[in-house]
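On a predicted model such as this, the values are computed, not experimentally measured, just so you know.
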Amino acid sequence: MILFELVEYDVLRVIWWLLLGVLLIGFAMTDGFDMGVGALLPFVGRTDVERRVVINTVGPVWEGNQVWFILGGGAIFAAWPPLYAVSFSGFYLAMFAILAALILRPVAFKYRSKRESATWRSVWDWALFAGGAVPALIFGVAVGNVLQGVPFELTPDLFSRYEGSFHAKFLGLLNPFALLTGLVSLSMLVTHGAAWLSLKTGGWVQTRAQRIGTVTGLVTIAGYLGAGLWLAYGIEGYGLVAEKVANGPSNPLYSEVARTATWLTVYAERPWIAVAPLLGLAGMTMAVRGLRGGREVTTLLWSKLGIFGAISSVGLTMFPFILPSSLDPRSSLTVWDASSSHRTLFTMLVATVIFMPLILAYTAWVYRVLWGKVTEDEVAEKSHSLY
């Protein structure tokens, strides 16, 4: 027997759908607080020393946290090639804006303290703000568009074609529901950043972060509930007309897909998935309580739980769809028909089993070494060795 046949094709597809979710959630939990801290920087730091305290809470770890983003992009490219091709084509300008912001962030980290000029440092502080706020917003906007369906269709030879002009496609992404989900994403990661600053700082920086995080946490809860109601009563969902062959060929055009009254019909079919949005709401609610009560470690953990629940609810609601098409539902990409080959998925799984524990162990070791608060005295005394 060939080795990769030890694991069925349909099982591998589900495993890689789960792993993609793990990578995206890992990115939001780790690099998410980096982005949240960047978005908070101009508002929680009033003096240069306070802002350097804020920057130094994430300066030593942001590069490692961004590994999750790279792994997520790599997983989409290798495990779900049609998803990578179609989404990057349709969201080209949005992806460019995200990458520009993510490139701006390391430049700002390195250049910010190169000169004593207050104007110079203020410019780079706002660059760090953009490097955090822009990706957080656009990631949420992208999720909102995916839930509504993306206006593409597949030709018989599986080339994707998008409806409308280049600029119209970009402006079409900025629709009301997508802007709401973008706001939820931004406020959620700002709350996560506030929870991180509550853990890593003290004094006025901590106090301001807790106050702002309390407000953004409440915005997150309200926006998340609003988006859920909108999905329930204002947005059509997608469903398979006929049962899909789970281990069949990777050709979306073999599927029979139709619009349904709402995405939330899946909760009647799989009621157990309701645990995900409940965890999202519970986690964010407890994070807000923690910020108001001045708790530190538990607040960050609750915030992580909220992120886990919110992102999981999207994936579980859409399953088995990963990129539905509003232009031609039959072209929609699903877990069962948009993956790489059986052999490719198995080979990647073996590599993941070997290297993922190493990444997790190294990450845990780094956070253990860097445990503790960043203080103003420490930053002032080591002005040339820190950011």
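Both tests do not hold together for R161 against F159: distance to the six-membered ring centre under 6.0 Å, angle to the ring axis within 45°.
Between E116 and R121 there is a salt bridge, with a side-chain nitrogen of the basic residue lying less than 4.0 Å from a carboxylate oxygen of the acidic one. Using a cut-off of 4.0 Å between Lys/Arg side-chain N and Asp/Glu carboxylate O, E296 and K373 are scored as salt-bridged.
Residues V146 and P324 are in side-chain contact: their nearest non-hydrogen atoms beyond the backbone lie under 4.5 Å apart. Proximity of R46 to R51: side-chain heavy atoms (C-beta onward) are nowhere separated by under 4.5 Å. Using a 4.5 Å heavy-atom threshold, the side chains of L240 and P320 count as touching. No side-chain heavy atom of P252 sits under 4.5 Å from any side-chain heavy atom of S332. When side chains are defined from C-beta on, T299 does not count as touching L199, because their heavy atoms never get closer than 4.5 Å. You'll find the side chain of P176 reaches within 4.5 Å of the side chain of W230, heavy atoms only. Proximity of W16 to S339: side-chain heavy atoms (C-beta onward) are nowhere separated by under 4.5 Å. Contact of the F129 side chain with the L41 side chain is not registered, since no non-hydrogen atoms from C-beta on lie closer than 4.5 Å.
Within a 6.0 Å radius of CZ in R292, no more than 12 heavy atoms belonging to other residues, nucleotides or ligands are found. No more than 12 heavy atoms of other residues, nucleotides or ligands sit less than 6.0 Å from atom CZ of F308.
The closest donor-acceptor contact from the side chain of N56 to the backbone of R52 lies under 3.5 Å. Remark: the backbone N or O of K200 is not paired with any side-chain donor or acceptor of T57 at under 3.5 angstrom. Remark: the backbone N or O of S325 is not paired with any side-chain donor or acceptor of S331 at under 3.5 angstrom. Of the possible donor and acceptor atoms, none in the side chain of W302 sits under 3.5 Å from a partner among the backbone N and O of M284. R295 contributes a side-chain N or O that, together with a main-chain N or O of R289, makes up a donor-acceptor pair within less than 3.5 Å. Of the possible donor and acceptor atoms, one in the side chain of H192 sits under 3.5 Å from a partner among the backbone N and O of M29.
Counting all heavy atoms, side chain and backbone alike, G213 lies closest to A194 at CA-CB, 3.6 Å. Smallest separation of non-hydrogen atoms from V184 and G223: CG2-C, 3.4 Å. Shortest non-hydrogen contact noted between A227 and T181 is CB-CG2, 4.5 Å. Counting all heavy atoms, side chain and backbone alike, T265 lies closest to T262 at OG1-O, 3.0 Å. Between I311 and L24, the shortest heavy-atom contact is CD1-O, 4.4 Å. Taking every heavy atom of both residues into account, A268 and P271 meet most closely at O-CD, 3.8 Å.
Cluster membership for L316 and L20, using ILVMFWY side-chain heavy atoms within less than 4.5 angstrom, is shared. Both L264 and V143 belong to a common hydrophobic cluster when Ile, Leu, Val, Met, Phe, Trp and Tyr are linked at side-chain heavy-atom distances under 4.5 angstrom. Follow the hydrophobic side-chain contacts under 4.5 Å out from F319 and you reach V314 in the same cluster. Residues L305 and L278 do not share a hydrophobic cluster, defined by chaining ILVMFWY side chains whose heavy atoms lie under 4.5 Å apart.
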Should L71 and V67 be marked as a side-chain contact (heavy atoms from CB on, under 4.5 Å) after you check the CA-CA gap, both sets of side-chain angles, and the distance that decides it? CA-CA 6 Å; L71 290 174; V67 166; 3.8 Å; yes

From CA spacing to verdict: side-chain contact (heavy atoms from CB on, under 4.5 Å), F27, F139: CA-CA 12 Å; F27 170 62; F139 282 133; 3.6 Å; yes

Could you walk me through whether F33 and W196 pass ring-ring contact (aromatic ring centres under 6.0 Å, His included), step by step? CA-CA 7 Å; F33 68 70; W196 176 255; 4.1 Å; yes

Criterion salt bridge (charged side-chain N to carboxylate O under 4.0 Å, His left out) on D337 and R13, from CA distance to verdict: CA-CA 9 Å; D337 57 28; R13 283 168 160 164; over 6 Å; no

Please walk me through it: do E50 and V44 pass side-chain contact (heavy atoms from CB on, under 4.5 Å)? CA-CA 8 Å; E50 287 180 346; V44 297; over 6 Å; no

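With sequence neighbours left out, the ring pair (Phe, Tyr, Trp, His ring centres under 6.0 Å) criterion links F77 to Y84.
Rounded to the nearest 0.5 Å, atoms OG1 (T47) and CH2 (W204) are 12.5 Å apart. Taking CE of M35 as the start and CG of L128 as the end, the distance is 13.5 Å to the nearest 0.5 Å. If you take CG on L19 and CG on L12, they are separated by 10.0 Å, rounding to the nearest 0.5 Å. Distance check: L345 CG to L349 CG gives 8.5 Å after rounding to the nearest 0.5 Å. With values rounded to the nearest 0.5 angstrom, I273 atom CD1 is found 5.0 Å from R270 atom CZ. For the atom pair CG (N145) and CG (N175), the distance works out to 5.0 Å, reported to the nearest 0.5 Å.
Counting only N and O atoms by type, the side chains of Q206 and T201 include no donor and acceptor under 3.5 Å apart. D157 and T155 share a side-chain donor-acceptor pair at under 3.5 Å. Using a 3.5 Å distance cut-off with no hydrogens or angles, the side chains of T344 and S341 do pair a donor with an acceptor. Inspection of the T191 and T216 side chains reveals an N or O donor paired with an N or O acceptor under 3.5 Å.
Sorted by first and then second residue, the side-chain hydrogen bond (donor to acceptor under 3.5 Å, both in side chains) pairs involving residues 272-286 (not counting sequence neighbours) form an empty list. Pairs passing the side-chain hydrogen bond (donor to acceptor under 3.5 Å, both in side chains) check and including a residue from residues 356-371, sequence neighbours excluded, read N65-Y367.
Using the six-membered ring where Trp is involved, F321 and Y238 have ring planes that are tilted, between 30° and 60° apart.
Counting Ile, Leu, Val, Met, Phe, Trp and Tyr side chains that sit under 4.5 Å apart, directly or through other members, F96 stands alone, with no cluster partners. If you chain together ILVMFWY residues whose side-chain heavy atoms come under 4.5 Å of each other, V107 ends up grouped with L104, Y111, W120, W124.
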Report, one line per pair, each donor and acceptor closer than 3.5 Å where one atom sits in a side chain of residues 351-358; sequence neighbours left out.
residue, atom, partner, partner atom, Å
T352, OG1, M348, O, 2.8

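When L189, V205, V54, V190 are each tested for a side chain to side chain contact (heavy atoms under 4.5 Å, CB included) with L40, only one passes: V190.
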